[in-house]
Amino acid sequence: MGTAVSSVSYSQSELLEILDIEDPKIRSVFLNSAIDRRFLTLPPEGPGGARAAEPQGDLLDKHKKIAVDMGCRALEACLKSAGATLSDLRHLCCVTSTGFLTPGLSALIIRELGIDPHCSRSDIVGMGCNAGLNALNVVAGWSAAHPGELGVVLCSEACSAAYALDGTMRTAVVNSLFGDGSAALALVSGDGRVPGPRVLKFASYIITDAVEAMRYDWDREQDRFSFFLDPQIPYVVGAHAEIVIDRLLSGTGLRRSDIGHWLVHSGGKKVIDAVVVNLGLSRYDVRHTTGVLRDYGNLSSGSFLFSYERLADEDVARPGDYGVLMTMGPGSTIEMALIQW
């Protein structure tokens, strides 16, 4: 594992003052988010110290700069922790939803770090907060087809490049939640000596009735992209979580009570609460999920990997233990993976 964040963090109260937010309802959204701090790259100060919304072109430039920088640092940290070097890398799968680049992040990072240009690569763009598990599925399949070779999932989300500062409640919900972060995870198949859990199985579910509930679309008034989160999303996700976990465990002989470790996407306080209630989890089960939300906010596709890093550092997983990885995002989509140490 390896993680990286952007250079400056802010408390929620600091952001309210910097962004000059006085509406009591919007202030309440920030202050009741269960988030202490987030890493962000804010717009530069204008005349009088105010922060003006950036045009879409500037935001795309910001995305490219921050996502590449964080991605490179997370990848290097990941390879170091795996006892590997850049020359060992054979496949790089990059994930992002906070900006569109062609060529994609994988090509830019390969150039930036001087990685062998023969390294195969893939880019997953626009799938949102669930996409880290979609990428894990892709790289697990690649690894199975290339035993002994090193593949990496790299999620790099410059959420600062997806903010709109228009004073509306729609954007306030987004602006109160997301932060910048990048996470990388190394995979190898066919080598029992490699530490860490094995990926056993995946399960996916698209809630097609809620396909518009989370979306990143064009705001014609702002002349830029804008992210939308329906207030009902926590309840939609919670109501469908059992369907996916039942499918994941089907045929394994396992029950929910056999799962010792839960690594859930830090989607927000209400989302986490809904998952806890509907899956019958304890607060201890989601301690890393809530800890990541508290310290970083919602890091989009890489959030669950920040939680996994904390679990690995905690060193409580024992051989034979089972774990479930869970992410949620636009579609509306729930992704899960079953792992075993």
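What you see below is based on every heavy atom in this structure, not just the backbone, and it leaves out hydrogens, waters and symmetry mates.
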| task | Could you walk me through whether S122 and H91 pass the side-chain hydrogen bond (donor to acceptor under 3.5 Å, both in side chains) test, one step at a time? | result | CA-CA 8 Å; S122 52; H91 185 87; 3.0 Å; yes
| request: Following the transitive rule for hydrophobic clusters with a side-chain heavy-atom cut-off under 4.5 Å over Ile, Leu, Val, Met, Phe, Trp and Tyr, establish whether M326 and M214 coincide in one cluster. | output: yes
| said: Would you say V68 ends up clustered with V5 if hydrophobic residues are merged whenever their side chains have heavy atoms under 4.5 Å apart, either directly or through other cluster members? | reply: no
| said: So does S87 get a backbone contact from the side chain of R90, meaning a donor-acceptor N/O pair under 3.5 Å? | reply: yes
| query | So, D69 side chain and K65 main chain: donor-acceptor pair closer than 3.5 Å or not? | reply | no
| Is N32 reaching over with its side chain to a backbone N or O of S28, donor-acceptor style, under 3.5 angstrom? | yes
| query | F30 ring centre to R27 NZ or CZ under 6.0 Å, with the angle to the axis within 45°? | reply | no
| message | Test your reading of the model: is there a side-chain donor-acceptor pair from R38 to the backbone of Y296, 3.5 Å cut-off? | response | no
| said: Would you compute the distance between atom CG of N134 and atom OG of S204 and round it to the nearest 0.5 angstrom? | reply: 6.0 Å
| query | If you round to the nearest 0.5 Å, how far is CG of L254 from CD1 of I245? | reply | 9.5 Å
| field | Value rounded to 0.5 Å, distance of CD in E335 from OH in Y205 | value | 13.0 Å
| request: Using a 4.5 Å cut-off on heavy atoms from C-beta on, say whether the side chain of Y322 contacts that of I339. | output: no
| Does E112 CD have over 12 foreign heavy atoms under 6.0 Å away? | no
| Same apolar cluster (I L V M F W Y, side chains within < 4.5 Å links), M336/W262 | yes
| task | Treat each ILVMFWY residue as a node, draw an edge where side-chain heavy atoms are under 4.5 Å apart, and state whether M1 and L89 are in one component. | result | no
| query | Quick one: does D123's side chain have a donor or acceptor within less than 3.5 Å of a partner on S106's backbone? | reply | yes
| request: Nearest 0.5 Å please: distance from the CG atom of D285 over to the CG atom of L279. | output: 10.0 Å
| query | More than 12 heavy atoms of other residues, nucleotides or ligands under 6.0 Å from NZ of K201: is that the case? | reply | yes
| remark: Between K64 and L108, the two heavy atoms sitting closest are CE-CD1, 4.0 Å
| message | Can you give me the closest heavy-atom contact between I35 and G297, atom names plus distance? | response | CD1-CA, 3.9 Å
| message | Contact between I26 and T168 at the side-chain level, heavy atoms closer than 4.5 Å - yes or no? | response | no
| message | Looking at T171 and L165, would you say the former's side chain and the latter's main chain have a donor-acceptor pair under 3.5 Å? | response | no
| said: For the OH atom of Y163 and the CG atom of L59, what is their distance to the nearest 0.5 Å? | reply: 12.0 Å
| query | Do we see a donor-acceptor contact under 3.5 Å between the side chains of D180 and S6? | reply | yes
| Are R256 and D246 ion-paired here, with the side-chain N under 4.0 Å from a carboxylate O? | yes
| said: Pair F304, V264 - check side chain to side chain contact (heavy atoms under 4.5 Å, CB included), show working. | reply: CA-CA 6 Å; F304 79 106; V264 180; over 6 Å; no
| query | Does any donor atom in the side chain of H288 or E314 lie under 3.5 Å from an acceptor atom in the other side chain? | reply | yes
| said: Tell me the closest heavy-atom pair linking E157 and V95, and the distance in Å. | reply: OE2-O, 4.3 Å
| said: Could you check whether any side-chain N or O of T98 sits under 3.5 Å from a backbone N or O of A158, counting only pairs where one atom can act as donor and the other as acceptor? | reply: yes
| request: Find out whether S160 and K62 are in side-chain contact, i.e. whether some heavy atom of one side chain is under 4.5 Å from a heavy atom of the other. | output: yes
| field | Side-chain donor or acceptor of T96 paired with backbone N/O of S156 under 3.5 Å | value | yes
| request: Take I334 and I207, measure what side chain to side chain contact (heavy atoms under 4.5 Å, CB included) needs, and give me the verdict at the end. | output: CA-CA 8 Å; I334 300 174; I207 309 163; 4.3 Å; yes
| field | Test of ring centre spacing under 6.0 Å for W341 and H261 | value | yes
| Side chain to side chain, R310 and D295, heavy atoms closer than 4.5 Å | yes
| Does atom CZ of R111 have more than 12 heavy-atom neighbours, drawn from other residues, nucleotides or ligands, at distances under 6.0 Å? | no
| Closest approach of V152 to A184 (non-hydrogen atoms, all atoms of both residues) | CG1-CB, 4.0 Å
| query | Just wondering, do L325 and L133 contact through their side chains at under 4.5 Å, heavy atoms? | reply | yes
| So, S33 versus Q12: side-chain donor-acceptor pair below 3.5 Å or not? | yes
| Side chains of C129 and S301 in contact at under 4.5 Å (non-hydrogen atoms) | no
| message | Between N278 (side chain only) and V275 (backbone N and O only), is there a donor and an acceptor less than 3.5 Å apart? | response | no
| Checking Q340 side chain against G320 main chain: does a donor-acceptor pair fall under 3.5 Å? | yes
| When hydrophobic residues are tied together by side-chain contacts of less than 4.5 Å, even through go-betweens, does L187 share a cluster with L263? | yes
| Going by distance alone, is a donor N or O of one side chain under 3.5 Å from an acceptor N or O of the other, for N298 and S266? | no
| message | Using side chain to side chain contact (heavy atoms under 4.5 Å, CB included), reason through T289 and H265 one step at a time and then give a plain yes or no. | response | CA-CA 6 Å; T289 297; H265 167 55; over 6 Å; no
| field | Gap separating the CG atom of L101 from the CG atom of L60, nearest 0.5 angstrom | value | 7.5 Å
| query | Which heavy atom in A67 sits nearest to a heavy atom in L105, and how many Å separate them? | reply | CB-CD2, 3.9 Å
| request: Could you label the plane-to-plane angle of the F178 and F227 rings as parallel, tilted or perpendicular, counting under 30° as parallel and over 60° as perpendicular? | output: perpendicular
| query | Which is it for V292 and R287 under the side chain to side chain contact (heavy atoms under 4.5 Å, CB included) test, yes or no, and what are the steps along the way? | reply | CA-CA 9 Å; V292 168; R287 64 196 181 281; over 6 Å; no
| query | Can you check whether S226 reaches W218 side chain to side chain, under 4.5 Å on heavy atoms? | reply | no
| said: Within a 6.0 Å radius of atom CZ on R220, are there more than 12 heavy atoms belonging to other residues, nucleotides or ligands? | reply: no
| query | Considering all heavy atoms of both residues, which atom of L40 and which atom of Y10 are nearest to each other, and what is their separation? | reply | O-CE1, 3.6 Å
| query | Only one of D219, D217, D230 clears salt bridge (Lys or Arg N to Asp or Glu O under 4.0 Å) with R170; which? | reply | D217
| Is it true that atom CZ of R247 has more than 12 heavy atoms of other residues, nucleotides or ligands lying nearer than 6.0 Å? | no
| said: Any heavy-atom pair between the side chains of S332 and V211 that's under 4.5 Å? | reply: no
